[in-house]
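Input: a single structure, listed below in structure tokens.
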Amino acid sequence: MLIIRCPYCGERPELEFAYGGQAHIARPLQPSDQNDEDWNVYLNLRANPKGWHSERWRHIHGCARFFNAVRDTRTDHFLATYKMGEPAPEVPST
Amino acid sequence: MFDPDVTSPLDDGSPAITPVGPVSRAIIRCRASDIDLVSNRIDIALPRAACRSVQDSGLSALWLGPDEWLILNATPADSWVSELSARLDGALCSLVDVSHRQVALSVHGPRAEDILATGCALDHSIAAFPVGMCTRTMFAKAEIVLWRTGAANFHLEVWRSFARYVEALLREAESER
Amino acid sequence: MQRFSALALLRHGLGRHQGWKPQWRNAAPKPSYDAIIVGGGGHGLGAAYYLAKVYGIRNVAVVEKGWIGGGNTGRNTTIIRSNYLFEESAALYDHALKLWEGLSQELNYNVMFSQRGVMMLAHNIHDIQVFKRHVHANRINGVDNEWLTAEQAKDYCPPLNIDPNVRYPVLGAALQRRGGTARHDAVAWGYARAADALGVDIIENCEVAGIRRDMAGAVAGVETSRGFIASKRVGVSAAGHTSVVLDMAHVRLPLESFPLQALVSEPVKPVFPCVVMSNTIHAYLSQSDKGELVIGAGTDVYTSYTQRGGLHIATHTLEAICELFPRFRRMRMLRNWGGIVDVTPDRSPIIAKTPVTGLYVNCGWGTGGFKATPGAAHLFAHTIARDEPHPINAPFTIERFRDGYLIDEAAAAAVAH
Amino acid sequence: MTTTLFRTGSGGLIDRSRPLRFTFDGKSYSGLQGDTLASALLANGVHLVGRSFKYHRPRGIMGIGADEPNALVGVRRDDARYTPNLLATQVELYDGLDAVSQNRHPSLENDRMAVNDRLLSRFIPAGFYYKTFMWPHKAWDRLYEPRIRAAAGLGVAPDKPDPDSYTQRYAHCDVLVIGAGPAGITAAMEAATADARVILCDDRAAMGGSLLSAASVTIAGKDSSVWLDESLAALARMPNVTLLSRTIAFGYYPHNWIGLTERLTDHLAVMPAGRPRERLWQVRAKEVVIAAGAIERPLVFPGNDRPGIMLADAARTYLQQYGVSVGRRVAIVAAHDSAYRAAHELRAAGIAVVVIADIRSRPAVANPPDCAGTRILSDASIEGTTGKLRVTSITLSAGSKRETFACDTVLMAGGFTPSVHLFSQSRGKLAWDPELQAYLPGQSAEAERSAGACRGRFALEEALADGMEAGRAAARSAGFATGVEVHGPAVTVSHPIGEGGHIGATSSSKGAKDKAFVDWQNDVTANDILLAAREGFISIEHVKRYTTTGMATDQGKLSNINALGIVSEATGRTIPEIGLTTFRAPYTPITFGSLAGRARGDLFDPARVTAFNDWAIEQGAVFENVRNWKRAHYFPRPGEDMHAAVARECLQVRKSVGIFDASTLGKIEVVGPDAAEFLNRFYVNAWTKLGVGKCRYGVLLREDGFILDDGVVGRLAPDRFHVTTTTGGAARVLNMMEDYLQTEWPDLRVWLTSTTEQWSVIAVQGPNAREVLSPLIEGLDVSAEAFPHMSIADAQMCGVPMRLMRVSFTGELGFEVNVPSGYGAMVWQAIWERGKLYDMVPYGTETMHVLRAEKGFIIVGQETDGTVTPDDVGLAWAIGKAKPDFVGKRSLARPALAASNRKQLVGLLTRNPQIALEEGAQIVSPSAPGTSIGHVTSSYHSSVLKKSIALALVRGGRARIGQILHVSMPGGSIPVGVVAPVFFDPEGKRINV
Ligand SMILES: Cc1cc2nc3c(=O)[nH]c(=O)nc-3n(C[C@H](O)[C@H](O)[C@H](O)COP(=O)(O)OP(=O)(O)OC[C@H]3O[C@@H](n4cnc5c(N)ncnc54)[C@H](O)[C@@H]3O)c2cc1C
Ligand SMILES: NC(=O)c1ccc[n+]([C@@H]2O[C@H](COP(=O)([O-])OP(=O)(O)OC[C@H]3O[C@@H](n4cnc5c(N)ncnc54)[C@H](O)[C@@H]3O)[C@@H](O)[C@H]2O)c1
Ligand SMILES: Cc1cc2nc3c(=O)[nH]c(=O)nc-3n(C[C@H](O)[C@H](O)[C@H](O)COP(=O)(O)O)c2cc1C
Ligand SMILES: [Zn+2]
């Protein structure tokens, strides 16, 4: 059970959260202008790094907010969690 | 006309776990920039601090999220939310009556923290969960709102259809030796 | 290859077993190969075996970053079945199931394929509808699968609790009698030994760290922790690590890697005759030949390479097991581990060419690729050898995600494994 | 009562005034309060307690705790409470305890399967089963496998549902200390003194760890037992300390989340009412101190598994803690100085120590305890042992001399292995200490530190000081100020624990005739490991899996390190080069029950019921589970089956009126000035023009273009919508809405509130629906003109607020009455009473399904399955054509979704109207009977139409209307006519009245 720091509520057990996949993927403003290839990238292609990963979580059974996090997928340790709209923190090079 | 005899899914209660009588409830949602205006109109200051509550002349405002509050009215009336709604006319916010969406239980007494710890993963010690703190969280497989109203007093709100489940688990915890 | 048999055991027994040779050579990498398989799991080792055996390409290396069979092949609940809904999937998994049926003899290695039957429990009306749809679809596709009433299910699996008054009563079940389990380790070792005997080099402790491309962009070989190895054909069969390996060739696949857990109980005398799966309440269970109850749990919700998972996932599974089998409540969990499963958007695998010439991929098996091992390995070998897919794996492309030709078993049925 | 011959006259922590009776394999014995089953058996001279897994060799008690590999027993408390595979060393004795040995037939003394050992064992080495049983092919299933299975397994699984209950709790602390030996106790004390919230847990019944067996030791000038009692009492007095004995830390999970199980009743003769059997603790600790001690190591030599051969420090502990002498004539084989301490203490209790055979040239410490009078051999080689059911002699050689010593016990002192299991589970990196010849905790991965013997601080004085330091450091890291540094208490010991140790097989194992065991429980010998290496299994992970060493219930606590040593020697690599196998939870096996906890029966998963549940039960409704909800499926009258009940319900709804509980539908109130724009972007439909007071059927797609959900959306005000979803989709849709609002369109001023449970929903459907309802409605004209189909309004009913929707899923005139849930039962009753005038029937979900199928309305999840687009099911009309975008729109243009040969929804009619198709049945064209072109999604017998009807998805279906297709069934195929998917009132006349 991960302990996740909600930027609003503080540290809470994973039970209260829903995972939201890779962060910082904006839905195209005009989807109909996208060709199949680009739309595929938006729809299906997600980073799957072994290392630092920017991802979304939602404190669904808490304040209900989505927020972003940077987690190391090798250890599950979080570098940071931050509110939607805030800039992503500098990610260590390794 | 509010009929206080409305059926509650909850049982009569036990030493540490008792149902809380009828309450009127509303959810208010608005942006941070409109909190003051909304607060003025409804006569209670919506708390801005995360997981904190405010109580004022029979009303309680519980912070559920940065744009969401649960307002409880201990003197229930069917018309209350529509009256509030009239007062909020023109304000940028959402007000929705949820009086019947959920029911409330009180968990109290010296074992209250222990009983809650059987199903809720939060730290209920007074330092970590002081009087006045409130939050949505999980109790076993049900979502609840947990609000500490006194050192040995918790007010627990749960959606109606989950109430029997939560109550039964709490009772079982209470009866454990 | 030294033949394995009861007689050989007898003979070597008299010689105090001093005469046994290594089951596969501890090969060092040669400078170049006709084909390289990245990943020494069942799928990779099998692909090398079929390349040599069926397609005559024997100058092959399997490079494995750790020890062979140490990936998901060595950590799965070994459920084998082929009663999938769509004809594309049914063809794929039944191809594998047919190969399983002769695999021990083919490899001269007892992989303990045990056709004890796989039973999937229906707990609500929706389940019944879905399973019956499977039974009908399977029949048309020539795959065995039958509907059982709750009583018939209990006859087949006596420990099952079919009390109608439980929270999620058993309303019936779909049974594939040809389904079952196999010994996971033996699959890796059996393929390794047979491939080795045909000349394949199995190179352990050799991590691929880069994919070299020639001027034209085609594959030229792999950079490894044991140096560069040249080959114009590289097949990647790296399961949870596929994204990491394909990144080296700048190929992006729609994959995410999640922790998936399993656990075993202490060994007990035979008590559980078949495989039981309950998708609705998230439990699956069988008993191994050694006596442990082998239990699969769910994936965690977040991507991770930690090869473990949260305690709440395991407890959730055991709640379901105890509810279905109240007598197992006093049994004890002996060991709990995790694997890393790579999942595609439609939860079906990819066995295909990639946009890079000479680079092939077999991945996306998620929570259910052990059962496909011989079939997928064979089809992957075919794809590499012929530079084009076999008709059975032709639908399992990368492009289907772009074009929408999904093979979405999970969406259609909410069933996995 | 038999006398307990091997109990010493005094000493130990047992209560000599409280004798207890127990039985083992049906024979009665007597023990004392404070005994374990193992100590009580030993006190009665019983060493033989089990048979080994594969060879069925007689086996005795080897250790004293969690590391025991041999003494696995079944304990039967009563008919329903049987537990297999318990360690006798952990089972606390209670009066009446009934234990049985396992894996033997017919008896422990006489086990038929022992032929495995005598005759077969040379032909069944490690991994033999991979090499044989392949011919003839068929024999595997029928012959070989059943035999292998019958031979495998240890105990017998319980055959009755477990009557005990289990509980769980979460806990939070600043410092969790695992292990209450000297290091753990001082750590807890230091952290607690700094005001940290401390939990101290220990696996055993009594806290104290190695101090419980200390002899002639003083700490801070007091006898160690006095120091221990005072320390524990002081801890118990502190309000910020929780002491948990009988509590094993079994798993170290990420972010300092630790799993503990506490045994609450297994040690009691009479179980108190209301007390669960076990409690699972899930502890979230700011800091963890691991003080789990060390595990003694056995020696690998030929014949090292006979009953009576055990660990030396265990024997010493049986003596000091339980007052039990493990034998009369003891031989000690040694690679560690602790042998001399054991010899000394045993001799002091009057036990004859006939020989100490040290495989080293001399003890490591200069002054080993005085053992004058005992033969001491150095550079000894252990040649073998004899004895059928108990060791009777040991043969040793030193130099050229070979000597056999008669004995009834052999003790092994192979050294100590620090218990790094939990540290390693936390993903801390182990470091090989060449000096200590042990893996020790290195770099931590969590907020954690180790102290005492588990990090190689073996001497008591060191362990105490190390614990203090760890406790202080942990408290500091958790944010507490610690006082001035004080040193650990002064300690005097009569004998230091000493040094030394051996890893791997001893020299005599090679080529010996008798087996030299490495893993006692799984019968893995030194030769098996050498065989594995010979066959190319040189990775330690392969060795483990090929030989199964370390895979038994003890998880190699005694064996792993020796296996490593043997592989090291066989492959010429050093131990750190080889590495270790992975430590995994649980540290010792833990019950499924404790993990499942209270989630059983009704509490397994919340059963959600509506306000009308009690009423429906009274009416005899049969229920179905839909997700967590209980929904009334149908309302049979006496003598009716489902078919009859549904036929009647359907007819009556179409003829007069029916009442239906629709409360489980999801409801979301969407509020804000941009609400219509939001819905435009979210649903496929166009919403801008929907007038206030009007409803519309909405379809929701996933971003990949497939149907996710549907429902009716009503506009209550320009800025307020009442959105309904499917029962199963409620949470999913709300979550998806929030996702788009919060992350894609934060500019939209829209807020969502779930009102699913605010409203009870009573659907009243049928030609008489208006007649039933209108007298109860206040403040709303519900005439056809004033309140046409697809209207919505707030009004009152029976004096309470009501939100009325005129909608119909049946094709009849229909209303959905939404009232606050607390009033639901009252309003329902009022409608029910009034409905009696019209013979109103209650109907359930099955009738609802039939009625809607007659009308060709789809059910998401039945007609759709996650691979279906709006056009596939004839809902293309719902799409707002002028909208530039909505969720899923772009994906609909992808080649596969726009293809012409997709499956489309059609109706099917069987030629024989009495034959109802089976849902899920496959559809084929008569010209190609082997290829499925679709399937039946819904099929019912319609009592209204007096024929069976079906909906189906068929490839190119709409173009096939009018054709005959076949539905393939096991007994042959059924011809069906393809028709439009509306069977009843296609013009919708009945709705618009
Ligand atoms: C807990 C669990 C339960 C499961 N249960 C079932 C089940 O019941 N039935 C079923 O059919 N399936 C099941 N599965 C899925 C199944 O295990 C896998 O789909 C299957 O084993 C995959 O085999 P593989 O050979 O493709 O992958 P693996 O066995 O994982 O082999 C991939 C190999 O690639 C190696 N590798 C990775 N990166 C590199 C690199 N850079 N260089 C060199 N080598 C590399 C890895 O070390 C690994 O050995 C389960 C999986 C898990 C985790
Ligand atoms: N095997 C031995 O008995 C042994 C070996 C070396 C040293 N010593 C002595 O031990 C002392 C060192 O003290 P120490 O405090 O480090 O160790 P300790 O052995 O005295 O105490 C460790 C305690 O931790 C408990 N424990 C272990 N794993 C546990 C788990 N997962 N969950 C809960 N409890 C668990 C054990 O039951 C034991 O009570 C010295 O006096 C030294 O002489 C004993
Ligand atoms: C089908 C199956 C059965 C297993 N049975 C046992 C067992 O009886 N004892 C055991 O210790 N481990 C057993 N394991 C687990 C392995 O020890 C190990 O945990 C697993 O292969 C994952 O490797 P790892 O834990 O080293 O990462 C089994 C694994 C599988 C896949
Ligand atoms: Zn929050």
Exercise. Would you call A:K50 and C:S257 a side-chain contact if the rule is heavy atoms closer than 4.5 Å?
Worked result: no
Exercise. Are C:D300 and A:E14 side-chain neighbours, meaning at least one heavy-atom pair lies under 4.5 Å?
Worked result: yes
Problem set entry | Check: C:P254 main-chain N/O paired with A:N44 side-chain donor or acceptor under 3.5 Å | no
Exercise. Under a 4.5 Å heavy-atom cutoff, which of A:E55, A:E37, A:H53 has the most pairs with chain C?
Worked result: A:E37
For this session: Calculate, to the nearest 0.5 Å, the distance between atoms CG and CZ belonging to A:D38 and C:R402 respectively.
Result: 11.5 Å
Exercise. Side chain, backbone, both or neither: which part of A:P49 has a non-hydrogen atom closer than 4.5 Å to chain C?
Worked result: backbone
For this session: Identify the two heavy atoms, one from C:R252 and one from A:A47, that lie closest to each other, and give their separation to 0.1 Å.
Result: NH2-N, 3.8 Å
Problem set entry | Structural part of A:L2 lying under 4.5 Å from a heavy atom of chain C | side chain
Problem set entry | C:Y302 side chain near A:D76 side chain, heavy-atom distance below 4.5 Å | yes
For this session: Given side-chain contact (heavy atoms from CB on, under 4.5 Å), test C:E399 with A:N40 step by step and report yes or no.
Result: CA-CA 9 Å; C:E399 293 75 26; A:N40 181 43; over 6 Å; no
Exercise. Within residues 16-31 of chain A, which positions have a heavy-atom distance to chain C below 4.5 Å?
Worked result: A:Y19
For this session: For chain A, find its close neighbours in residues 234-248 of chain C: heavy-atom separation under 4.5 Å, sorted by number, or none.
Result: C:H241, C:S243, C:V244
For this session: Please list, chain by chain and in numerical order, all residues satisfying salt bridge (charged side-chain N to carboxylate O under 4.0 Å, His left out) with C:D346, sequence neighbours excluded.
Result: C:R400
Exercise. Do A:M1 and C:L311 have side chains that get closer than 4.5 Å, going by heavy atoms?
Worked result: no
Exercise. Picking from A:N48, A:L43, A:T73, which has the most non-hydrogen pairs under 4.5 angstrom with chain C?
Worked result: A:N48
For this session: Could you list the residues that satisfy side-chain contact (heavy atoms from CB on, under 4.5 Å) with C:R213, not counting sequence neighbours?
Result: C:A249, C:V356
Seminar exercise, completed: Applying a strict 4.5 Å limit to non-hydrogen atoms, the region of C:L253 in contact with chain A is backbone
